[in-house]
A.B. asks: 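Pasting a structure here, questions to come.
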Amino acid sequence: MADALTRSMRASHVLVAILVIASLIFAVVGAALGDTFYLRLGTEALIFAGLALSVDILLGYTGLLSLGQALYFGLGAYVSALVLMVTPSFWAAMGATLAVAIVIGLVGGFIANRVRGVFFALITFGMAQVAAKVVYNTRALGASDGLIGVPIINVNFGFASVSSASPAGFFVLTLAFIFVLYALSAYLLDTPFGRLVIALKANERRVPFLGFSTVTPRLTAYVIAAVIAALSGALYPMLRGFVSPELLFFTTSGNAVITVVTGGVGTLVGALYGGILLTVLKSVVGSYTEHHLIVIGLLFMIAVIFLPRGLMGIVRPAIERMLEPRAKP
Amino acid sequence: MSAAIEYFQYVLAPQMLIGLVLGVAVILVALGLTIIFGLLDVINMSHGEFYALGAFIALALASIGLPFWLLLILVPLAMLPVGYIVERGLIQRVFHSGERHVTTLLLTFGLGLVMEDAFRLVFGPNPHKPETPISGAIDILGVFLPLYRLFLIVGGAVVVTLVALVVYRTRLGAMVRAAAFDKHMAASLGVPVQHVYAGAFAFGVALAGLAGVLLAPIYTVFPTMGRDFILMAFTVVIVGGMGSIAGVVVAGVLLTQVQAISSLYISPVWSDPIVFGIMVIMLMVRPQGLFGRLGHG
């Protein structure tokens, strides 16, 4: 008999499987129709879903609201773009992003984890502002124009290779990548380390009485979130061919928080569905009016007031019930 | 020696005066923010949009011919019911949830998005420049200062003093501080806590509206004006200590002087990273800020 956490995680896995199958069908149909626009839009939605995933690890599992996760997303995008402009290699870009994200994540985590609650939100916000302004003012990083001219690359897996210029190919690659990030986070949160992180959210003062340190797991969770945000960001220049300082701005962080809260905090899969929902909404509402922020803002407010568990809060319990064998008469 | 005096007179002093005007402006916006935090424990992410709302209402009323001096009273009065309704209708709905800080922050963030886009819908994306109500300039020790900016410095000081007097020296202020300090005790002593909370929120919003009227002639009126300004106001509130009126004044003056003077010696583009860097360091070293909290001691 699985406990409640394992059961809800399994329900999330089912929802991810549905998402992956639907995405693959979308890719096949898109490729058959020779579509570029929607496949590229879908890829971008998945990339920002990766950022939202990192926000959910902090908000939904560790209980820390980060208002500056764009710092790591933008960091990943810039590192990736800089590496690709020197050597057009996917693996070099990802490796460099991973290394930089761990180092900067440790520094940022050391600074941010000195405070709790609302001060954590503000300090992450402040750090991201400093980084965004520094990049915005540094000519070597393209200043306000960003970095333009990231080359098209071939991602070589040994047995096959995918070009970043192929809409369907790069969509599937991004899907696989975000899926791996999801699976990795879900695995880590299911280990004893994950339970410790969840315990921190539930009652931080009691954890030391159980003989565990609170500093290390919180910092580790922060670094993991930083790495996931940075690796998602690293895909951005491959898709668009450029990076701009907007990736570091508060709007990016704020959108990720909106995505997670609408999708469902503390579900992981909510971040993915939320990202897709918001991208679709923006594009549908955007075709009627340019004022899509009113719609998204209202939707977000409704989610905060009436759906504290987000959309997944409606869907997931039903799947949990289906997964559960009828144990009680 | 005279070179040093001339340097002060022609380089440093004008820059510091510009900084002081900005400081008063930021203090006016941050004042409502810190009162709302001090009393309700709510980080009002839509505060910048309420500041913009004040400016837009002033713009609309001025266009039908109302004089500026009347707007200084009318706009804050018009904002009071707006703030009251927002508190009772929205913030109260999530105020009692376990993670109040997060939920209220998210809710006001969403509200800010909606308001900003609504301004764009109603008034268009372009900036409006209201007429300056006082023209002319004055020569202070050889420094050229437009009269309206002088009025802003004096008027801002008056507003801050009045607010501090109301909070710390009146019976109403005592009730408000009591409700912030211990709401159950205050309620059992007959303080209408719910109305005090909504009233305090409305008061903070009205102050943001007043700032909007006062600053519109200097900084022009456009839909994202709140977003650009609120970052600095947040920084001032954090460095000064959330909920502290004295903290807002001290931090507001200090930070804008740092910004003004640093832009003389380093390029002005670096003043923002410096100010936000100070905020991050402050949060690391002394998260409660320079001064204590409104309701707490």
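Letters A, B, ... mirror the listed sequences (proteins, then strands); counts begin at 1.
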A.B. asks: Could you check if a side-chain atom of Leu293(A) sits within less than 4.5 angstrom of a side-chain atom of Val114(B), using non-hydrogen atoms only?
C.D. replies: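 Leu293(A) does not reach Val114(B) side chain to side chain.
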A.B. asks: Within residues 260-278 of chain A, which positions have a heavy-atom distance to chain B below 4.5 Å?
C.D. replies: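 If one takes a 4.5 Å heavy-atom cut-off, the residues of residues 260-278 of chain A near chain B are Val261(A).
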A.B. asks: Would the number of heavy atoms belonging to other residues, nucleotides or ligands and lying under 6.0 Å from CZ of Arg316(A) be above 12?
C.D. replies: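 Atom CZ in Arg316(A) is packed in, count exceeds 12.
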A.B. asks: Can you tell me if CZ on Arg206(A) sees more than 12 non-hydrogen neighbours from other groups inside 6.0 Å?
C.D. replies: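 Check fails, neighbour count at 12 or below.
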A.B. asks: Considering only heavy atoms, give the residues of residues 56-64 of chain A separated from chain B by less than 4.5 Å, sorted numerically, with 'none' for an empty result.
C.D. replies: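 When heavy atoms of chain B are the reference, residues 56-64 of chain A contributes Leu59(A) within the under-4.5 Å range.
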A.B. asks: Side-chain contact, heavy-atom cut-off 4.5 Å: Leu231(B) with Phe125(A)?
C.D. replies: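 Sidechains of Phe125(A) and Leu231(B): in contact.
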A.B. asks: Phe306(A) versus chain B, heavy atoms under 4.5 Å apart: side chain, backbone, both or neither?
C.D. replies: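 Contact with chain B: side chain only.
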A.B. asks: Select one option (side chain, backbone, both, neither) describing which atoms of Val134(A) are under 4.5 Å from chain B's heavy atoms.
C.D. replies: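 Both parts, backbone and side chain.
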A.B. asks: What residue, out of His291(A), Met301(A), His292(A), has the most heavy-atom pairs lying under 4.5 Å from chain B?
C.D. replies: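 Answer, by heavy-atom pair count under 4.5 Å with chain B: His291(A).
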A.B. asks: Are the side chains of Trp270(B) and Lys133(A) in touch, meaning some heavy atoms are under 4.5 Å apart?
C.D. replies: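 Of all side-chain heavy-atom pairs linking Lys133(A) with Trp270(B), none is under 4.5 Å.
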A.B. asks: Given the options Thr103(B), Leu113(B), Leu106(B), which has more heavy-atom pairs under 4.5 Å with chain A than any of the others?
C.D. replies: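 Highest number of pairs under 4.5 Å: Leu106(B).
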A.B. asks: Tell me, for Val94(B) versus chain A, whether the close heavy atoms (under 4.5 Å) come from the side chain, the backbone, both or neither.
C.D. replies: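 Looking at Val94(B), just its side chain touches chain A.
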A.B. asks: Please rank Ile294(A), Val304(A), Val118(A), Leu299(A) by heavy-atom pairs under 4.5 Å with chain B and give me the top one.
C.D. replies: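 The option with the most such pairs is Ile294(A).
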A.B. asks: Phe300(A) versus chain B, heavy atoms under 4.5 Å apart: side chain, backbone, both or neither?
C.D. replies: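 Answer is side chain: those atoms of Phe300(A) sit under 4.5 Å from chain B.
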A.B. asks: Measuring heavy-atom distances to chain A, does Met284(B) have an atom under 4.5 Å in its side chain, in its backbone, in both, or in neither?
C.D. replies: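 It is both, since atoms from each part get that close.
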A.B. asks: Side-chain contact test, heavy atoms from C-beta onward, threshold under 4.5 Å: evaluate it for Leu67(A) versus Met45(B) and give yes or no.
C.D. replies: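 A side-chain contact exists here, since the closest heavy-atom pair is under 4.5 Å.
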A.B. asks: Has the side chain of Arg93(B) got a donor or acceptor atom that lies under 3.5 Å from a matching backbone atom of Ile305(A)?
C.D. replies: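 Absent.
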A.B. asks: Counting only heavy atoms not in Phe222(B), do more than 12 sit closer than 6.0 Å to its CZ atom?
C.D. replies: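 Counting other residues, nucleotides and ligands, CZ of Phe222(B) exceeds 12 neighbours.
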A.B. asks: Side chain, backbone, both or neither: which part of Leu283(B) has an atom under 4.5 Å from a heavy atom of chain A?
C.D. replies: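 For Leu283(B), heavy atoms of backbone and side chain both lie under 4.5 Å from chain A.
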A.B. asks: With chain B as the partner, which of Ile123(A), Val130(A), Val257(A) has the greatest number of non-hydrogen pairs under 4.5 Å?
C.D. replies: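 Looking at each option in turn, the highest pair count goes to Ile123(A).
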A.B. asks: Chain B: which of Leu298(A), Val115(A), Leu65(A), Leu122(A) shares the most heavy-atom pairs with it under 4.5 Å?
C.D. replies: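 Ranked by heavy-atom pairs under 4.5 Å with chain B, first place is Leu122(A).
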A.B. asks: Go through the steps for Phe119(A) and Ile238(B) under the test side chain to side chain contact (heavy atoms under 4.5 Å, CB included), then give the verdict.
C.D. replies: CA-CA 9 Å; Phe119(A) 294 108; Ile238(B) 292 164; 5.6 Å; no
A.B. asks: Between Thr108(B), Val280(B), Ile281(B), Val102(B), who has the most heavy-atom pairs with chain A when the cutoff is under 4.5 Å?
C.D. replies: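 Ranked by heavy-atom pairs under 4.5 Å with chain A, first place is Val280(B).
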A.B. asks: Under 4.5 Å from any heavy atom of chain A, what part of Ile43(B) do you find: side chain, backbone, both or neither?
C.D. replies: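 Answer is side chain: those atoms of Ile43(B) sit under 4.5 Å from chain A.
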